[in-house]
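Scroll down for the structure; my scribbles are underneath it.
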Amino acid sequence: MKIVKILLLIVGILATLMGLLWIGQGLNLIRWPADSFMLGVPVWSWRGAGLAAVGLALIWFARRG
């Protein structure tokens, strides 16, 4: 059971970080990689917010008692 919580925590952290990257790219705040199709396309900031929310939920679920 502990391995499941560790995996949920890792996936949650990665999803949150990726979501934040998508938000930054969609809002044109993060211009990396320079040839990304997501740069300056606001729909990616909404998708990133959703992914970050899922990641935070996974982190919460993994850390609850």
Item to complete: Decide yes or no for Trp32 and Leu21: does some side-chain heavy atom of the first lie under 4.5 Å from some side-chain heavy atom of the second?
Response: yes
Discussion item. Please tell me whether Ile6 and Val4 are part of a single hydrophobic cluster in this structure, the criterion being side-chain heavy atoms less than 4.5 Å apart.
Written reply: no
Discussion item. Could you see if Val11 belongs to whatever hydrophobic cluster contains Val54? Use Ile, Leu, Val, Met, Phe, Trp, Tyr and a side-chain cutoff under 4.5 Å.
Written reply: yes
Worksheet item: Looking at CH2 of Trp44 and CD1 of Ile23, how far apart are the two atoms once the value is rounded to the nearest 0.5 Å?
Response: 12.5 Å
Discussion item. In the structure I gave you, are the side-chain heavy atoms of Leu17 and Ile13 within less than 4.5 Å of one another anywhere?
Written reply: yes
Practice prompt. Consider only side-chain heavy atoms of I, L, V, M, F, W and Y, link residues closer than 4.5 Å, and tell whether Ile10 and Ile3 are in one cluster.
Written response: no
Practice prompt. Output the distance between atom CG (Leu8) and atom CG (Leu58), rounded to the nearest 0.5 Å.
Written response: 6.0 Å
Worksheet item: Between Ser45 and Pro42, is there a donor-acceptor pair closer than 3.5 Å when you use the side chain of the first and the backbone of the second?
Response: yes
Practice prompt. Check Leu20 against Ile30 and note the closest heavy-atom contact, atom names and distance.
Written response: O-CD1, 4.4 Å
Fill in: Minimal non-hydrogen separation, Leu9 against Ala62, with atom names
N-CB, 3.7 Å
Worksheet entry | Spacing of Met18 atom CE and Gln25 atom CD [to the nearest 0.5 Å] | 10.0 Å
Response to the item:
Ala15 and Gly55 have their tightest heavy-atom pair at CB-CA, 3.8 Å
Worksheet item: Mind checking whether Phe37 and Val41 sit in one hydrophobic cluster, side chains of I, L, V, M, F, W, Y counted as touching below 4.5 Å?
Response: yes
